[in-house]
Colleague: 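One structure, pasted below without further comment.
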Amino acid sequence: MTDQAPNEARVIPLRPGSTRPTSARPATPPRTGPRPAEPLWRDLVGDVLRRERLAQERTLKDVADAARISMPYLSEVERGRKEASSEVLAAAARALGLGLGDLLAQAQGELVRLTSRHPGAHGRTSTSSSYNGLCLAA
């Protein structure tokens, strides 16, 4: 048997010979100001849908009926309150005469435009990368 108490956890170090430092963690450098929050994808997509609908001078009801989704749900998607599925986004885009790729490309362009205003955000500038594509992960 072991000499441990039954309710006591046994600690196994991940790196042999490593010990935890006994001193306090070093202080983090103070922020120079609040970092601007990156926009949410659902806000960007909703903005594109609303902008496109208004540019076509169409009502929420008209687009929702054409997309076969409820008007209140489309309104919430446009306002960035709902994370719409790809099927719903594709239906709304089609109702506006766009493909899903067009909708997502416009949202990605908006994301690049908004984040390039704040080059200090997250330690990188958006122009430091040669990649200018869209990458989504499920």
Side-chain angles (χ1 to χ4, degrees):
M1 291 268 264
T2 65
D3 55 346
Q4 284 182 279
N7 290 333
E8 197 172 300
R10 188 174 83 161
V11 176
I12 302 171
L14 295 176
R15 293 186 188 123
S18 69
T19 59
R20 288 184 149 179
T22 56
S23 63
R25 285 201 268 171
T28 57
R31 287 188 177 179
T32 57
R35 269 197 327 209
E38 286 189 344
L40 297 176
W41 186 248
R42 66 178 183 239
D43 290 330
L44 296 169
V45 170
D47 288 345
V48 171
L49 287 172
R50 178 171 293 207
R51 189 171 49 242
E52 197 62 37
R53 179 178 61 78
L54 293 175
Q56 295 178 18
E57 298 180 354
R58 294 175 67 185
T59 64
L60 266 172
K61 181 172 178 17
D62 176 41
V63 175
D65 288 346
R68 299 183 56 121
I69 56 179
S70 75
M71 188 176 67
Y73 188 75
L74 179 59
S75 174
E76 293 210 339
V77 169
E78 282 189 355
R79 290 182 288 141
R81 303 267 172 107
K82 294 288 183 191
E83 289 276 357
S85 68
S86 58
E87 291 88 356
V88 168
L89 293 177
R94 271 193 313 273
L96 291 166
L98 300 171
L100 181 59
D102 299 326
L103 172 65
L104 299 180
Q106 286 184 36
Q108 188 261 348
E110 187 69 11
L111 177 62
V112 169
R113 186 183 68 78
L114 291 172
T115 56
S116 66
R117 286 186 191 170
H118 308 290
H122 308 292
R124 300 183 263 170
T125 62
S126 63
T127 58
S128 65
S129 172
S130 62
Y131 179 73
N132 191 20
L134 176 66
C135 179
L136 296 176

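Everything numeric in this text was worked out from a predicted model, so none of it was measured.
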Colleague: Between Ala66 and Ala95, which heavy-atom pair has the shortest distance, and what is it?
Modeller: CB-CB, 3.7 Å

Colleague: For Glu87, give me all partners under side chain to side chain donor-acceptor pair (under 3.5 Å), at least two apart in sequence or on another chain.
Modeller: Ser85

Colleague: What pairs with Ser75 under side chain to side chain donor-acceptor pair (under 3.5 Å), at least two apart in sequence or on another chain?
Modeller: Arg79

Colleague: Hey, what do you get for CG (Leu98) to CG (Leu89), rounding to the nearest 0.5 Å?
Modeller: 11.5 Å

Colleague: State which residues pass side chain to side chain donor-acceptor pair (under 3.5 Å) with Asp62; sequence neighbours excluded, sorted by chain then number.
Modeller: Arg58

Colleague: To the closest 0.5 Å, what do you measure between CG (Asp47) and CG (Leu111)?
Modeller: 11.5 Å

Colleague: Is it true that a side-chain atom of Gln56 and a backbone atom of Leu96 form a donor plus acceptor pair closer than 3.5 Å?
Modeller: yes

Colleague: Sequence neighbours left out, what passes side chain to side chain donor-acceptor pair (under 3.5 Å) with Lys82? Give chain and number order.
Modeller: none

Colleague: Kindly determine whether Glu38 and Leu114 satisfy side-chain contact (heavy atoms from CB on, under 4.5 Å), including the steps that lead there.
Modeller: CA-CA 8 Å; Glu38 286 189 344; Leu114 291 172; over 6 Å; no

Colleague: Can you name the closest pair of heavy atoms from Ala92 and Leu74 and give their distance?
Modeller: CB-CD1, 4.4 Å

Colleague: Check salt bridge (Lys or Arg N to Asp or Glu O under 4.0 Å) between Asp102 and all other residues, then give those that pass, not counting sequence neighbours.
Modeller: none

Colleague: CG/Leu44 to CD/Gln106 distance, rounded to the nearest 0.5 angstrom?
Modeller: 11.5 Å

Colleague: For Ala93 and Gly99, work out which heavy atoms get closest and say how close.
Modeller: CB-O, 3.8 Å

Colleague: Give the minimum heavy-atom separation between Tyr73 and Ala84, together with the two atoms involved.
Modeller: OH-CA, 3.6 Å

Colleague: Glu78 pairs by side-chain contact (heavy atoms from CB on, under 4.5 Å) with which of Leu49, Val48, Leu54, Val63?
Modeller: Leu49

Colleague: As an exercise, state the distance from OG of Ser86 to CG of Leu104, rounded to the nearest 0.5 Å.
Modeller: 9.0 Å

Colleague: State, yes or no, whether a side-chain contact exists between Thr115 and Pro39 at a heavy-atom distance under 4.5 Å.
Modeller: yes

Colleague: Going by the rule salt bridge (Lys or Arg N to Asp or Glu O under 4.0 Å), which residues pair with Arg113 if we only count those two or more places apart in sequence or in a different chain?
Modeller: Glu110

Colleague: State whether the number of non-hydrogen atoms from other residues, nucleotides or ligands found under 6.0 Å of Arg68 atom CZ is greater than 12.
Modeller: no

